[in-house]
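A quick write-up on the structure given underneath.
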Amino acid sequence: MAIFEAVFKETSHFTAEELLDKAREIDRTVSRATVYRTLPIFVESNLVREVDIGTNMKYYMPNAEENPHKAQVICNDCQKIFEIPAPFMEWYGNTVSSKLGLSPIGQRLQVTAQCEELKASGVCTKNKGES
Ligand SMILES: [Zn+2]
């Protein structure tokens with residue numbers, strides 16, 4: 001229950017470790033194993049969306065929105081994930097799938113970018129001090 005509560009308090013992307021911290025703020029007895037066991041179940045039930053940005057780290061996001069067509073813009077340095085509505089993706093998915101006689105069930109568009117901080121200073125605070 002603490003994990004469930006922590007997930008839906010999130011308004012942004014989170015990793016399993018971040019979720020563990022948040023869940024422990026609610027209930028100190030939550031174990032890491034339980035978080036890692038529970039997340040895939042949430043994903044399977046469509047409560048949570050997995051966001052794969054091509055790194056080893058998996059990000060998650062509560063699946064609250066009705067319109068799943070979002071483009072992700074990811075900072076090349078700190079890997080902050082921005083999401084913007086991209087209704088054209090629905091058209092795109094339908095068009096390319098129908099050419100094959102198929103029906104789309106999911107798609108994603110990712111753009112790598114520089115966040116404001118990277119643009120301004122050349123390095124993101126989140127990455128400073130890490131090697
Ligand atoms: Zn950045």
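What's counted below: heavy atoms across the whole structure, side chains too, no hydrogens, waters or symmetry copies. In listed order, ligands and their atoms are each counted from 1. Quantities reported herein were computed from a predicted structural model and do not represent experimental measurements.
Under the 3.5 Å distance criterion, the side-chain polar atoms of Asp77 are left unmatched by any main-chain donor or acceptor of Val123. For the pair Ser31 (side chain) and Thr34 (backbone), a donor-acceptor distance under 3.5 Å is present.
Heavy atoms of other residues, nucleotides or ligands lying less than 6.0 angstrom from CZ of Phe82 number more than 12. Annotation: Ile84, atom CD1; neighbour count of heavy atoms from other residues, nucleotides and ligands within 6.0 Å is above 12.
Ion pairing between a basic and an acidic side chain is recognised when a charged N comes within 4.0 Å of a carboxylate O; Arg32 and Glu17 show such pairing.
Counting heavy atoms from C-beta outward, Phe4 and Thr38 have side chains that stay 4.5 Å or more apart.
Of all protein atoms, those that are N, O or S and lie under 2.8 Å from the Zn ion (ligand 1) total 4.
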